[in-house]
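Chain naming here is simple, since letters A, B, ... match the order of the sequence lines and numbering starts at 1 in each.
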There are 2 protein chains.
Amino acid sequence: MTHPTDRRGHRPDARPQPAGPPTLATVADEAGVSRQTVSNALNNPELLRPETLTRVQEVIDRLGYSPNRAARQLRTRSSHLIGLRFEPALEGTSNALMDRFLHSLVATASETGHHLLLFSGDPEDPLDGYDDLLRSTAVDAFIVTDTYAGTPQSGFLRDRGAPFVAFGRPWDEPGAAHAWLDVDGAAGARLATRHLLEQGHRRIAWLGWERSSRIGQDRRSGWEDTLREAGVDPTGLGVRLTDNVDAARMAAHHVLDDPTVTGFVCASDTLGLGVLHALAERGRQPGADVGVVGFDDSAAAQVTWPGLSSVRQPLERVAQDLVEILHLVLAHKPIAEPGRMLAPSLVVRRSSLRGWTP
Amino acid sequence: MTHPTDRRGHRPDARPQPAGPPTLATVADEAGVSRQTVSNALNNPELLRPETLTRVQEVIDRLGYSPNRAARQLRTRSSHLIGLRFEPALEGTSNALMDRFLHSLVATASETGHHLLLFSGDPEDPLDGYDDLLRSTAVDAFIVTDTYAGTPQSGFLRDRGAPFVAFGRPWDEPGAAHAWLDVDGAAGARLATRHLLEQGHRRIAWLGWERSSRIGQDRRSGWEDTLREAGVDPTGLGVRLTDNVDAARMAAHHVLDDPTVTGFVCASDTLGLGVLHALAERGRQPGADVGVVGFDDSAAAQVTWPGLSSVRQPLERVAQDLVEILHLVLAHKPIAEPGRMLAPSLVVRRSSLRGWTP
DNA sequence: ATGAAAGCGCTAACAC
DNA sequence: GTGTTAGCGCTTTCAT
């Protein structure tokens, strides 16, 4: 099970050839300095005399030395690993974002020498996986992404004193002290609604999720407020359903039976696409006849015909800020505000543009 | 070693409160056994007398002890971490798959206590990131996903004696000795083409990538062979372009100027959606008038109107097999064959079904 | 079946 | 500035 070749001997004189990667001792021997000096060259180069530093650095390069992570981690109690629980979308929307988000996260984290540790857990238990990683000191911190109403991860991690940042505001406790970051869903829906109003639509419907979804409620409020401000009564224009193309298609048909409705703002691209389906079935033109805007700017919104306008979350920025905040938390530095809210933007495609023809 | 029982602190009286997670020593003290016995309880439970085991186990549970990963890793030279370089899609196709693939991978790996370590690297340098992780013994093995023609990762890792499995066959060296797994793209295209033939289409076009793409060539060969077997001359029916909706849309228009062409098999869903765009612009019905099949069964294929048939890779299976092979490699066990080929399946939606009407 | 000793590779203290 | 010493928490001989 272990290495067949016993790499470095227990005998004091044994050091035939380095069977594994070079260690600090190898470098020290080669450079004719002590191990500590090599360590300093790595971690506190300013302590070394320039000529020594150069010499050590040269040996490091020549040998292709990289400090052993396990040893360093054991000593410094820092793994430079950020834990992220990764599992199938819980609320339909998150999945579409995950890819973009992960990429940005990995790229940003690597700038400071951190890597992402992906783990999974029992879908029934939102805490599964966290505790074990924590107790085994496998990660420095967590990024928590699935902070829907009632999810206990934040409280759990806070109680255990584990460093973490949440992507998603603490819906249930607005005054929560932990660090978090979120995208303003209401502002996104506001953007979408205003855009449709500018396109000349008045009676604009909302297709959203069940009332239990706080994210959904937040987004919906943006639509409702904007409509009211424009002097349009939203009563009867809001529909609640599950995040599913076919459910949205049928709901849209129902809504469209009222010919005064000419616009849809949707809580997700999935729902927006459902509206597009209904329009296709009715032989009506998206954009020209009925304006439709989705949410999250998924790949499907971009490639579907004739293009679905959508509210886009600044995920690259989210990832950067998340990592930045994490560094503050890890350094025990004070954070100006526990929460930070980012503004989404609107990507306009033909589904909400009046003046285009195939 | 001054005080074997006295962890942390050089002074006997230092730090009464357990500042960190419990260690093996804590458990040993609490259970009244030596540290090694606790270690054995964890790693070789059969060595312990049942009653001792029970007692130790009870203390472990009560204290919530998990072995420190860094220490264990330092000692056993195994991190239980699998490295995966994660970056924006290199060939258009991979991105759509990544999400499903990653989920399966994380879930499968966790069954044996392994986690996924995501890292990134300079997009210009396909080897960036691997070497450092290797030298710092941060991961046990790699899963390499971007093995297009000419990508040097496999050779590099093999030369360094690093354990890894490739998702993607060694295009340039068919006899390569390293472990790999791939999905049979030609078989997928064959499935799609045969399906369109069965739907009554004869002159079936191919929309694929540039000749330089080996994956693309492989898939194309499935289309070409099947057409030939059916007695249809594929000459002039194959188009090469970049993986882009609009390029595909324009190419499809061009192809459709020949009214004898009534089917499209595409190297990706992106291209398939481009064909759908062209059909919409021409007022022709997908499925009823022209059959279209994409590749990779992306989310967009599922939610777009009227549903895009697509060849689906068994990514869950891929992930499982990858991990299984990795375990063999890590255990230095012989692998029956270096390469393993998995068959894709066809997901039929309305874009290739003749008998449906909106 | 259990215990003692050694050491994986590194860095934080403290000499010199 | 550089070297010496002492562990971080764990597993692996080797005794008992």
Side-chain angles (χ1 to χ4, degrees), chain A residues 1-3 6-12 14 18-29 31-56 65-80 135-138, chain B residues 1-11 14-15 18-29 31-56 65-80 135-138:
Chain A
M1 184 176 153
T2 40
H3 282 290
D6 192 0
R7 50 192 302 277
R8 223 171 311 291
H10 311 279
R11 305 158 312 244
T23 75
L24 204 119
T26 323
V27 177
D29 281 6
V33 295
S34 77
R35 311 211 308 283
Q36 184 55 41
T37 301
V38 180
S39 174
N40 283 336
L42 252 38
N43 304 307
N44 305 86
E46 73 280 3
L47 290 183
L48 294 207
R49 195 186 318 163
E51 65 174 54
T52 317
L53 180 58
T54 313
R55 184 155 45 95
V56 173
Y65 167 73
S66 283
N68 181 303
R69 289 216 169 218
R72 178 174 268 186
Q73 176 178 351
L74 182 57
R75 193 59 203 161
T76 63
R77 313 189 154 281
S78 155
S79 62
H80 278 212
R135 291 182 317 201
S136 60
T137 65
Chain B
M1 166 102 31
T2 42
H3 298 286
T5 54
D6 179 18
R7 55 192 296 272
R8 99 183 69 263
H10 314 279
R11 299 156 312 235
R15 198 73 57 93
T23 75
L24 203 110
T26 322
V27 176
D29 279 6
V33 297
S34 77
R35 311 210 309 281
Q36 295 64 33
T37 303
V38 181
S39 175
N40 283 336
L42 252 38
N43 305 310
N44 305 85
E46 72 281 1
L47 291 183
L48 294 208
R49 194 186 317 162
E51 64 173 53
T52 317
L53 181 57
T54 313
R55 186 156 42 97
V56 173
Y65 166 74
S66 283
N68 182 303
R69 290 216 168 217
R72 180 174 265 186
Q73 177 179 351
L74 181 57
R75 197 55 240 230
T76 64
R77 308 183 159 282
S78 155
S79 62
H80 278 212
R135 290 183 317 200
S136 60
T137 65

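For the OP1/OP2 pair of C:dC10 and a distance below 4.0 Å, the side-chain nitrogens and oxygens of A:Asn68 include no atom meeting the criterion. For C:dT11, one of the phosphate oxygens OP1 or OP2 lies less than 4.0 angstrom from a side-chain nitrogen or oxygen of A:Ser39.
The CG atom of A:Asn68 lies 6.0 Å from the CG atom of B:Leu74; values are rounded to the nearest 0.5 Å.
Here A:Ser78 pairs with A:Asp140 under the side chain to side chain donor-acceptor pair (under 3.5 Å) rule; sequence neighbours left out. Applying the side chain to side chain donor-acceptor pair (under 3.5 Å) criterion to A:Ser34, with sequence neighbours excluded, gives A:Thr37. By the side chain to side chain contact (heavy atoms under 4.5 Å, CB included) test, A:Arg35 pairs with A:Leu24, A:Ala25, A:Ala28, sequence neighbours left out. Applying the side chain to side chain contact (heavy atoms under 4.5 Å, CB included) test to A:Arg135 and every residue at least two apart in sequence or in another chain returns A:Asp131, A:Asp132, A:Arg160, B:Ser66.
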Please tabulate the protein-to-nucleotide N/O contacts below 3.5 Å involving nucleotides 3-5 of chain C, giving atom names and distances.
from	atom 1	to	atom 2	distance (Å)
C:dG3	OP2	B:Ser34	N	2.8
C:dG3	OP2	B:Ser34	OG	3.0
C:dG3	OP2	B:Thr37	OG1	2.8
C:dA5	N6	B:Gln36	NE2	2.8

All N/O pairs under 3.5 Å across the protein-nucleotides 14-16 of chain D interface:
none

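Rounded to whole Å, atom P of C:dC10 lies 9 Å from atom CG of A:Leu42. For the pair B:Leu24 CG and D:dG7 P, the computed distance is 18 Å after rounding to whole Å. B:Asn43 has its CG atom 15 Å from the C1' atom of D:dT13, to the nearest Å. Atom pair A:Asn44:CG and C:dA13:P shows a separation of 11 Å (rounding to whole Å applied). Straight-line distance from the CG atom of B:Asp29 to the C1' atom of D:dC10: 15 Å, rounded to whole Å.
Of the residues in residues 69-76 of chain A, those placing a heavy atom less than 4.0 Å from an atom of DNA chain D are A:Leu74, A:Arg75, in numerical order. Within residues 45-56 of chain A, the residues that place at least one heavy atom under 4.0 Å from DNA chain D are, in residue-number order, A:Leu47, A:Leu48, A:Arg49, A:Thr52.
Remark: the backbone N or O of A:Arg69 is not paired with any side-chain donor or acceptor of B:Ser136 at under 3.5 angstrom. A donor-acceptor pair under 3.5 Å links the side-chain atoms of A:Ser79 to the main chain of A:Ala138, judged by distance alone.
In the helix from C:dA1-D:dT16 to C:dC16-D:dG1, the rotation axis of the first five pairs and that of the last five pairs differ in direction by 30°, rounded to 10 degrees.
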Atom pairs and distances, side-chain donor-acceptor, residues 40-49 of chain B, under 3.5 Å, sequence neighbours left out:
from	atom 1	to	atom 2	distance (Å)
B:Asn40	ND2	B:Gln36	O	3.4
B:Asn43	OD1	B:Arg72	NH2	3.1
B:Asn43	ND2	B:Ser39	O	3.2
B:Asn43	ND2	B:Ser39	OG	3.4

